[in-house]
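Below: the structure, in structure tokens.
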Amino acid sequence: MNELVSSNHDEIKALAIKYLAGIGFKFSPQAGDIFIEVCKAHGLNPFKKEVYGIENWDKTNPSQDITIIVAYDTYLKRADRTGKMDGYSVKSIIADDGFPISSTVTIHRKDWKYPCEHTVYFSEIA
């Protein structure tokens, strides 16, 4: 721990990227920097599995990009802390072959007249 306190910002980032690689996060140093900065900005801890990072490699474009996925229970915990959450539900549509088609989350808040619904289609991410 003393090493972290006396280290500079770049050394702390490099150490964090090394530890993240040890638990299965595999991305370039550039994507790792982006991931760590987003985690810091939003108070997310990848070691607690609150957030995940997936680097996207595009063969037609040499640039690299990272997709950051926040765990759903992180959203639920934060929503619950507001004291305004009034429940949620999730409905998934599954094809006859067992492949998921979509999932819809419906979120209810005590201070909203109508719930918020959001649908994700698996074809968008497959």
Side-chain angles (χ1 to χ4, degrees):
M1 184 65 174
N2 290 338
E3 296 85 25
L4 285 177
V5 173
S6 63
S7 298
N8 70 34
H9 185 68
D10 291 335
E11 289 172 344
I12 292 170
K13 272 188 176 180
L15 187 57
I17 291 169
K18 177 182 170 187
Y19 286 143
L20 289 169
I23 61 171
F25 288 79
K26 307 248 188 281
F27 33 63
S28 67
Q30 297 86 357
D33 284 347
I34 293 167
F35 181 73
I36 289 169
E37 290 301 321
V38 168
C39 289
K40 282 176 31 183
H42 296 282
L44 298 166
N45 187 335
F47 299 107
K48 291 182 178 180
K49 301 187 184 219
E50 294 176 344
V51 63
Y52 300 89
I54 301 169
E55 188 162 15
N56 308 314
W57 295 88
D58 186 348
K59 292 179 183 176
T60 61
N61 183 355
S63 67
Q64 300 156 4
D65 192 17
I66 186 165
T67 299
I68 298 173
I69 302 167
V70 178
Y72 78 92
D73 60 332
T74 301
Y75 285 110
L76 294 177
K77 288 176 188 174
R78 289 184 177 197
D80 191 45
R81 278 189 283 196
T82 68
K84 296 178 182 179
M85 189 168 142
D86 200 24
Y88 72 98
S89 63
V90 178
K91 293 182 182 176
S92 297
I93 298 174
I94 309 295
D96 291 338
D97 62 2
F99 188 78
I101 296 172
S102 68
S103 286
T104 301
V105 63
T106 303
I107 302 165
H108 301 272
R109 280 182 48 143
K110 295 172 186 173
D111 60 338
W112 290 352
K113 184 175 180 179
Y114 302 104
C116 172
E117 285 193 357
H118 182 72
T119 301
V120 174
Y121 295 90
F122 287 87
S123 61
E124 295 175 349
I125 59 170

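- When all heavy atoms are compared, the tightest approach of T119 to S102 is CG2-CB, 4.0 Å.
- Side-chain contact between P115 and I107: absent, with no pair of heavy atoms (C-beta onward) separated by less than 4.5 Å.
- Contacts of R78 classified as salt bridge (charged side-chain N to carboxylate O under 4.0 Å, His left out), with partners at least two apart in sequence or in another chain: none.
- Linking ILVMFWY residues whenever their side-chain heavy atoms come closer than 4.5 Å, directly or via other members, leaves V105 and Y121 in distinct clusters.
- Taking OG1 of T74 as the reference point, atom CD1 of I69 lies at 12.0 Å (rounded to 0.5 Å).
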Working for side-chain contact (heavy atoms from CB on, under 4.5 Å), residues V51 and I68: CA-CA 7 Å; V51 63; I68 298 173; 3.5 Å; yes

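- Distance check, rounded to the nearest 0.5 Å: CZ of F122 to OG of S92 gives 6.0 Å.
- Residues satisfying the side chain to side chain contact (heavy atoms under 4.5 Å, CB included) criterion with D73, sequence neighbours excluded, are A71, K77.
- A single hydrophobic cluster is seen to contain both Y52 and F47, as judged by linkage of ILVMFWY side chains at heavy-atom distances under 4.5 Å, directly or through other members.
- D96 pairs by the salt bridge (charged side-chain N to carboxylate O under 4.0 Å, His left out) definition with nothing, not counting sequence neighbours.
- When hydrophobic clusters are built by joining Ile, Leu, Val, Met, Phe, Trp and Tyr residues whose side-chain heavy atoms come closer than 4.5 Å, directly or via intermediates, L76 is grouped together with V90.
- Taken from OG1 in T104 to CD1 in I93, the straight-line distance is 6.0 Å, to the nearest 0.5 Å.
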Worked verdict on T106 versus H108 for side-chain contact (heavy atoms from CB on, under 4.5 Å): CA-CA 7 Å; T106 303; H108 301 272; 3.6 Å; yes

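- Residues M85 and Y72 share a single hydrophobic cluster, defined by chaining ILVMFWY side chains whose heavy atoms lie under 4.5 Å apart.
- Atom CD1 of I34 and atom SG of C39 lie 12.0 Å apart (nearest 0.5 Å).
- Rounding to the nearest 0.5 angstrom, the gap separating the CG atom in D80 from the OH atom in Y88 is 10.5 Å.
- The backbone N or O of N45 sits less than 3.5 Å from a side-chain atom of E50, completing a donor-acceptor pair.
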